[in-house]
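The structure under discussion appears below in the form of structure tokens.
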Amino acid sequence: KSQIYIICIGAELTNNKISSKNLEDVINNLSSKIQFGDLVILRGTMLVGQSKEIVKKFEKKSNLKVGKDFFISYCPERLVEGNALEELKKLPQIVSGMTNQCMEKSINFWNSLSINTIKSERFEEAEIIKLGSNSYRDLIFSFSNDLCKISSKYNLEINDLIDKANIGYERNDFKKPSPGVGGSCLVKDPIMFMHGDKNKTYRLGKISRKINEDSVEEIYLRIKNVRNQFKLKNLKILIFGITYKGDPETSDIRSSTSIDLMKKLDKGSINYNLYDITLKKFNMYPNHLKNKVLTKERNFKNYDFIILMNNHSKTEEVLFKNLKKTSSPKFIYDCWNILQKETVEYFNYKYISLSKNYF
């Protein structure tokens, strides 16, 4: 009669403050239901050392002993948003447990789903793997975004620069830059990693976060510079892409760089509207954004500035199907290197990449 409970809630980050309230509410409720032989699998993001604290809370509230009466395992979720079910089938699961028997019970569960597992020595190892993986990705993206900022000072194309640096040189694996980093994990985990590291061993998260957060400011400043250069007093901007990424497709706008850009445009009193392929397809525009949403693609031509803020695979098709040639100064700001410059110029638009103005 034993049950398996999978807790997908972890510690959260709100306004740069870490909270475990929702996780603790789940623990409090579940503790009264735990019975002999049950298995609890933690999946959410944990601070380093937090899984052990959860074990203590379960034992205190249930009056049962972990590893003897019931079992707790931590298997950090590392699936990509938009393709989670496919990755669940092929990615090995990191499995840790309070005791060896806790680990074996969890491994048996994953094996029953034909999912491979990797044994983790202790909770702390699994916690560091989870936080470290996302902190590493945030860090390597920040390097490319900082390189982009340097290239822009010389009006150099960062994507060409990176291609040339990588070709035939196996020690390099530079990633392409972006308009910052969004979503619920990469913006959170470096901060959680530093917070859980009481000895301050990990120090790079503060740097990577600052660089990636500043990327939107660079976009905003380029917009203002172009407006001043071409004397566009009543500049009309279309933010093309609201979700934090387009590929794989997701409806998630958490920590979206588009939202950050909106706030800067609001503060600068610059007129803008929003368009998103995924949100329109599923009619999922959030209520607080609906008054800014552009619903008719044929009106793309009415905007002086179209800024591609996510990397949806249908962007080029949707955009160019609804553009017309222009005789007035208009611009496409391609933050993801999605478009061919020549196609943009065919419509008489001026092309701007993350690091270079092509005019």
### Summary
Residue set satisfying salt bridge (Lys or Arg N to Asp or Glu O under 4.0 Å) with Glu297, at least two apart, ordered chain then number -> Lys280
### Query
What residues form a salt bridge (Lys or Arg N to Asp or Glu O under 4.0 Å) with Asp252, not counting sequence neighbours?
Arg254
Which side-chain N or O atoms in residues 223-235 pair as donor and acceptor under 3.5 Å with protein atoms at least two apart or in another chain?
unit_1 : atom_1 : unit_2 : atom_2 : d
Asn225 : ND2    : Leu221 : O      : 3.3
Asn228 : ND2    : Lys224 : O      : 3.2

### Task
List for me each residue that meets side-chain contact (heavy atoms from CB on, under 4.5 Å) alongside Leu88, sequence neighbours excluded, and say none if there are none.
Arg43, Leu79, Gln93, Trp110, Ile115
### Task
Mind checking side-chain contact (heavy atoms from CB on, under 4.5 Å) for Lys57 and listing every partner two or more places apart, or none if nothing turns up?
Glu24, Ile27
### Query
According to the salt bridge (charged side-chain N to carboxylate O under 4.0 Å, His left out) rule, which pairs have a member within residues 331-342, sequence neighbours left out?
Lys341-Glu345
### Message
Please check this pair: side chain of Glu87 against backbone of Val80, looking for a donor-acceptor N/O pair closer than 3.5 Å.
### Response
yes
What pairs of donor and acceptor atoms, side-chain ones from residues 172-183 against any protein atom, are under 3.5 angstrom apart with sequence neighbours left out?
unit_1 : atom_1 : unit_2 : atom_2 : d
Asn172 : ND2    : Ala165 : O      : 3.0
Asp173 : OD2    : Lys175 : NZ     : 3.1
Lys176 : NZ     : Asp163 : OD1    : 3.2
Ser178 : OG     : Gly180 : N      : 3.4
Ser178 : OG     : Gly180 : O      : 2.7

### Message
If the condition is side-chain contact (heavy atoms from CB on, under 4.5 Å), which residues does Lys119 pass it with, not counting sequence neighbours?
### Response
Met103, Glu104, Ile107
Show the atom names and distances, to 0.1 Å, of all donor-acceptor pairs under 3.5 Å that link a side chain in residues 238-247 to residues at least two apart or in another chain.
unit_1 : atom_1 : unit_2 : atom_2 : d
Thr243 : OG1    : Lys245 : O      : 2.9
Thr243 : OG1    : Asn310 : ND2    : 3.0
Lys245 : NZ     : Glu81  : O      : 2.7

### Query
Nearest heavy-atom pair of Gln50 and Met46: which atoms, and what distance?
OE1-CA, 3.5 Å
Would you tabulate the side-chain donor-acceptor contacts of residues 131-142 under 3.5 Å, counting partners in other chains and residues two or more places apart, or write 'none'?
unit_1 : atom_1 : unit_2 : atom_2 : d
Ser133 : OG     : Ile129 : O      : 2.6
Asn134 : ND2    : Asp189 : OD2    : 2.6
Ser135 : OG     : Leu131 : O      : 2.7
Asp138 : OD1    : Arg209 : NH2    : 2.7
Asp138 : OD1    : Asn212 : ND2    : 2.8
Asp138 : OD2    : Ser208 : OG     : 2.8
Asp138 : OD2    : Arg209 : NE     : 3.1
Ser142 : OG     : Leu139 : O      : 2.6

### Task
Taking ring pair (Phe, Tyr, Trp, His ring centres under 6.0 Å) as the test, write out the residues that go with Tyr5, two or more places apart.
none
### Message
Going by the rule side-chain contact (heavy atoms from CB on, under 4.5 Å), which residues pair with Lys324 if we only count those two or more places apart in sequence or in a different chain?
### Response
Lys301
### Task
Show your working on side-chain contact (heavy atoms from CB on, under 4.5 Å) between Lys52 and Tyr74 and close with a plain yes or no.
CA-CA 10 Å; Lys52 279 187 177 177; Tyr74 178 47; over 6 Å; no
### Task
May I have the step-by-step check of salt bridge (charged side-chain N to carboxylate O under 4.0 Å, His left out) for Lys130 and Glu127, ending in yes or no?
CA-CA 5 Å; Lys130 165 66 174 176; Glu127 290 162 342; over 6 Å; no
#### Entry: cation_pi(Lys105, Phe71) dist<6.0 Å, angle<=45
yes
